[in-house]
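Since we're looking at a predicted model, the values are computed, not measured.
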Amino acid sequence: QVQLVESGGGLVQPGGSLRLSCAASGIIFSFYAMTWFRQAPGKQRELVAAITTGGSTKYAEAVKGRFTTSRDNAKNTVYLQMNDLKPEDTAIYYCNAKQGLGFQTTGMGSWGKGTRVTVSS
């Protein structure tokens with residue numbers, strides 16, 4: 001059974017940084033593409049960043065140049081480094097795992113419970 005556990009969220013001032021982690025268990029992690037989504041209050045869930053099994057990445061326009069996703073297959077963990085955070089980045093951040101090649105960004109895979117990020121002065 002797939003289990004995904006996000007961590008690293010919190011309260012940060014504008015311009016600050018956070019690193020989110022998503023630890024996976026119950027899967028052969030290296031076979032899974034990983035995707036970060038977020039959902040802000042009153043808004044629809046949106047894709048933030050994605051990483052393939054081979055390590056290729058892509059980002060939403062709103063976070064390009066500020067966020068970086070990476071994976072450590074030895075630790076079964078995917079990361080989201082978030083720099084220069086803005087109030088509009090405030091949301092619950094979720095990771096999603098789906099087996100397959102290429103980007104798997106449909107949200108059809110398994111989900112974690114999320115970690116809350118609040119950007120406020």
Side-chain angles (χ1 to χ4, degrees):
Q1 185 175 351
V2 181
Q3 185 173 15
L4 302 172
V5 179
E6 300 94 337
S7 61
L11 173 63
V12 63
Q13 292 187 340
S17 297
L18 284 174
R19 188 176 82 154
L20 306 184
S21 300
C22 172
S25 59
I27 59 173
I28 301 175
F29 183 71
S30 60
F31 288 3
Y32 282 70
M34 302 297 294
T35 305
W36 289 95
F37 292 86
R38 68 185 180 187
Q39 188 164 19
K43 294 188 176 181
Q44 288 190 330
R45 183 184 66 199
E46 62 178 357
L47 184 149
V48 177
I51 186 165
T52 67
T53 55
S56 297
T57 57
K58 70 174 183 180
Y59 301 92
E61 284 296 323
V63 307
K64 271 184 184 176
R66 300 188 297 122
F67 289 13
T68 303
T69 190
S70 61
R71 64 190 297 154
D72 185 337
N73 289 343
K75 295 183 178 180
N76 286 4
T77 300
V78 62
Y79 303 98
L80 184 67
Q81 177 67 44
M82 306 187 296
N83 298 328
D84 189 23
L85 282 159
K86 306 176 185 298
E88 52 264 41
D89 295 318
T90 295
I92 299 175
Y93 285 71
Y94 300 90
C95 67
N96 180 276
K98 191 174 186 304
Q99 187 172 354
L101 298 176
F103 295 109
Q104 301 289 332
T105 58
T106 61
M108 296 298 291
S110 300
W111 291 90
K113 293 184 178 181
T115 185
R116 185 178 299 274
V117 172
T118 303
V119 184
S120 175
S121 54

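The shortest side-chain heavy-atom distance between Q39 and E46 does not fall under the 4.5 Å cut-off. Side chains of L101 and T53 form a contact here, defined as non-hydrogen atoms less than 4.5 Å apart. In this structure the side chain of K86 reaches within 4.5 angstrom of the side chain of R66, judged on heavy atoms. Side chains of R71 and Y79 form no contact here, defined as non-hydrogen atoms less than 4.5 Å apart. The closest side-chain heavy-atom distance from F37 to C95 is not below 4.5 Å.
For the pair R38 and Y93, the cation-pi criterion (under 6.0 Å, within 45° of the ring axis) is not fulfilled.
Here the side chain of T90 pairs a donor or acceptor atom with the backbone of V119 at under 3.5 angstrom. Listed for the T77 side chain is a donor-acceptor partner under 3.5 Å among the backbone atoms of K75.
Following chains of ILVMFWY side-chain contacts shorter than 4.5 Å, one cannot reach V63 starting from Y94, and the two form parts of different hydrophobic clusters. Residue W36 is grouped with residue F67 when hydrophobic side chains (ILVMFWY) are merged at heavy-atom distances under 4.5 angstrom, including chains of intermediate members. No chain of hydrophobic side-chain contacts below 4.5 Å, direct or via other Ile, Leu, Val, Met, Phe, Trp or Tyr residues, connects L80 to W111.
The structure places OG1 of T69 at 5.0 Å from CD1 of I51, a figure rounded to the nearest 0.5 Å.
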Legend entry - side chain to side chain contact (heavy atoms under 4.5 Å, CB included) between M82 and V48, worked out: CA-CA 11 Å; M82 306 187 296; V48 177; over 6 Å; no
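Using a 4.0 Å cut-off between charged side-chain N and carboxylate O, E6 and K113 make no salt bridge.
Across all non-hydrogen atoms, the minimal contact from A49 to Y59 is CB-CD2, 3.5 Å. Between D89 and D84, the closest heavy-atom pair is OD2-O, 4.4 Å.
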Could you go through residues 8-35 and list every donor-acceptor pair under 3.5 Å that involves a side-chain atom there, pairing it with any protein atom two or more places apart or in another chain?
residue	atom	partner	partner atom	Å
S17	OG	N83	OD1	2.9
T35	OG1	Q104	O	2.9

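Shown here is R116, whose CZ atom has no more than 12 heavy atoms of other residues, nucleotides or ligands within 6.0 Å.
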